[in-house]
Amino acid sequence: MQDFNTIKSVEELRAILGYPSELVKNKAIDALDEHCRQFISKSPLLIMATSDAEGLCDVSPRGDLPGFVLVLDDNHLVIPERPGNRRMDSLRNILSNPNAGLIFLIPGLEETLRVNGHAYIVRDEELLVRMESHGRIPLVGIVIEVEECYMHCAKSLKRSSLWNPDSWIAKAELPNVAQMISDHAKLPGMNAEKVKASLQDSYTNRMY
């Protein structure tokens with residue numbers, strides 16, 4: 001670690017950044033009320049943070065049509081595990097450390113909903129069939145036992161202009177994802193064109 005001028009205590013950090021307002025301190029609730037349920041029902045994308053038993057972290061997106069996350073009751077929601085790359089980073093983390101954090105996003109809305117709690121993986125058929133999509137039932141689901149939820153202010157999305165198309169990078173200037181994967185993987189005979197074809201096949205035939 002480089003010898004930066006690092007901060008080593010909460011007290012030192014508070015002296016620099018200050019304290020939250022009464023509104024911020026009191027906005028967190030311990031259950032999914034009607035407002036949270038409505039927000040989740042309109043969200044097509046969530047970001048999930050997990051870590052393993054040693055504290056090594058991972059952040060992973062989960063997305064589908066709005067309403068893809070199933071709210072069971074005031075303290076339980078279920079995220080379907082759609083087909084992915086089979087690394088299973090989040091799932092493996094949950095098996096060793098159940099703590100998880102979620103951020104729900106709605107396109108065009110700059111505030112986000114944060115949900116924290118304990119996660120576990122389920123194979124309950126009656127539950128999974130309720131999350132069927134395109135004729136496919138997820139093989140497993142991630143249940144979040146909700147312990148805390150609250151609205152997160154819009155400053156980060158306002159600064160980033162995420163939902164403003166005028167701020168978006170021209171397509172010709174976007175990173176070449178296939179080239180990045182090819183260069184990182186360094187597999188014999190697997191060039192950017194083959195990676196691109198593999199990605200397109202996955203997006204076309206293995207979404208569900």
Side-chain angles (χ1 to χ4, degrees), residues 27-50 58-85 87-91 94 100-169 171 174 177 199-200 202-208:
K27 68 180 180 179
I29 59 177
D30 61 4
L32 299 169
D33 69 356
E34 60 198 61
H35 300 299
C36 295
R37 288 171 180 251
Q38 183 186 55
F39 195 107
I40 292 170
S41 74
K42 297 179 184 301
S43 172
L45 180 70
L46 67 88
I47 310 297
M48 178 166 60
T50 59
D58 182 74
V59 179
S60 175
R62 294 290 192 279
D64 209 327
L65 295 176
F68 78 101
V69 173
L70 179 63
V71 176
L72 297 179
D73 54 44
D74 290 350
N75 289 100
H76 297 87
L77 58 82
V78 191
I79 305 164
E81 182 66 10
R82 306 294 189 205
N85 56 20
R87 281 179 54 103
M88 300 188 299
D89 297 286
S90 301
L91 299 179
I94 288 168
L102 312 176
I103 293 181
F104 288 91
L105 297 97
I106 298 175
L109 181 64
E110 293 176 314
E111 286 80 10
T112 56
L113 176 67
R114 293 175 60 166
V115 176
N116 298 315
H118 283 79
Y120 47 96
I121 304 165
V122 296
R123 288 190 65 189
D124 187 281
E125 186 174 349
E126 290 185 8
L127 190 60
L128 296 175
V129 76
R130 295 172 64 184
M131 298 181 288
E132 177 183 352
S133 183
H134 293 74
R136 300 290 181 88
I137 298 171
L139 299 177
V140 297
I142 301 170
V143 171
I144 303 293
E145 187 173 352
V146 177
E147 297 179 337
E148 180 184 47
C149 43
Y150 58 94
M151 293 302 301
H152 191 103
C153 80
K155 288 181 179 178
S156 60
L157 270 73
K158 284 185 178 296
R159 295 184 188 115
S160 68
S161 294
L162 179 66
W163 303 128
N164 179 10
D166 293 337
S167 74
W168 296 351
I169 300 171
K171 287 190 176 182
L174 291 172
V177 175
L199 289 172
Q200 188 57 47
S202 177
Y203 299 154
T204 302
N205 300 313
R206 296 192 298 279
M207 290 286 285
Y208 294 91

Hey, could you give me the [atom1]/[atom2] distance between [X] and [Y], rounded to the nearest 0.5 Å?
X: Cys153; Y: Glu111; atom1: SG; atom2: CD; answer: 7.5 Å
X: Ile94; Y: His118; atom1: CD1; atom2: NE2; answer: 11.5 Å
X: Ser133; Y: Asp64; atom1: OG; atom2: CG; answer: 4.5 Å

Practice task
Examine the side chains of Ser60 and Arg62 and answer whether a donor and an acceptor come within less than 3.5 Å of each other.
Solution key: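 Present: a donor and an acceptor within the cut-off.
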Keeping the roles fixed (side chain from [X], backbone from [Y]), state whether a donor-acceptor pair exists under 3.5 Å.
X: Lys158; Y: Glu110; answer: no
X: Ser43; Y: Phe39; answer: no
X: Ser161; Y: Ser167; answer: no
X: Trp168; Y: Leu162; answer: yes

Practice task
Just grab all the side chain to side chain donor-acceptor pair (under 3.5 Å) pairs involving residues 29-40, residues at least two apart or on different chains.
Solution key: Arg37-Asp74
Decide if atom [atom1] of [X] counts as having more than 12 heavy atoms of other residues, nucleotides or ligands within a radius under 6.0 Å.
X: Leu174; atom1: CG; answer: yes
X: Leu139; atom1: CG; answer: no
X: Lys42; atom1: NZ; answer: no
X: Arg206; atom1: CZ; answer: yes

[X] versus [Y], closest heavy-atom pair with distance:
X: Pro61; Y: Leu45; answer: CB-CD1, 4.2 Å
X: Leu128; Y: Val140; answer: CD2-C, 3.5 Å
X: Asn116; Y: Gly101; answer: OD1-CA, 3.4 Å
X: Ile142; Y: Ala119; answer: CG2-CB, 4.1 Å
X: Ala28; Y: Glu148; answer: CB-OE2, 3.8 Å
X: Ile144; Y: Gly117; answer: CG2-CA, 4.4 Å

Practice task
Assess whether side chain to side chain contact (heavy atoms under 4.5 Å, CB included) is satisfied between Ile106 and Leu113, documenting all intermediate values.
Solution key: CA-CA 9 Å; Ile106 298 175; Leu113 176 67; over 6 Å; no
Handout entry: Candidate pair Val69 and Leu102, rule side chain to side chain contact (heavy atoms under 4.5 Å, CB included), full reasoning
Key = CA-CA 12 Å; Val69 173; Leu102 312 176; over 6 Å; no
Exercise for the section: Decide side chain to side chain contact (heavy atoms under 4.5 Å, CB included) for Leu72 and Arg130; before the verdict, give the C-alpha distance in whole Å, the side-chain angles of both, and the deciding distance to 0.1 Å. Expected result: CA-CA 11 Å; Leu72 297 179; Arg130 295 172 64 184; 3.9 Å; yes
Handout entry: Residues which pass ring-ring contact (aromatic ring centres under 6.0 Å, His included) with Tyr208, listed by chain and number, not counting sequence neighbours
Key =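 Tyr208 satisfies ring-ring contact (aromatic ring centres under 6.0 Å, His included) with His134 once adjacent residues are dropped.
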Exercise for the section: Check each of Thr112, Leu105, Ile103, Ile79 against Leu46 using the side-chain contact (heavy atoms from CB on, under 4.5 Å) test, and report the only one that passes. Expected result: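 For Leu46, the side-chain contact (heavy atoms from CB on, under 4.5 Å) check succeeds only for Ile79.
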Handout entry: Residue list, side-chain contact (heavy atoms from CB on, under 4.5 Å) with Arg159, at least two apart or on another chain
Key =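 By the side-chain contact (heavy atoms from CB on, under 4.5 Å) rule, Arg159 matches Lys155.
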Practice task
Report yes if some heavy atom in the side chain of Met207 is under 4.5 Å from a heavy atom in the side chain of Arg82; otherwise report no.
Solution key: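 No; the side chains remain at least 4.5 Å from each other.
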Problem - Close side-chain approach of Phe104 and Leu77, heavy atoms under 4.5 Å - result: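 Phe104 vs Leu77: side chains touch.
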Handout entry: Verdict with reasoning, Val146 to Cys36, per side chain to side chain contact (heavy atoms under 4.5 Å, CB included)
Key = CA-CA 11 Å; Val146 177; Cys36 295; over 6 Å; no
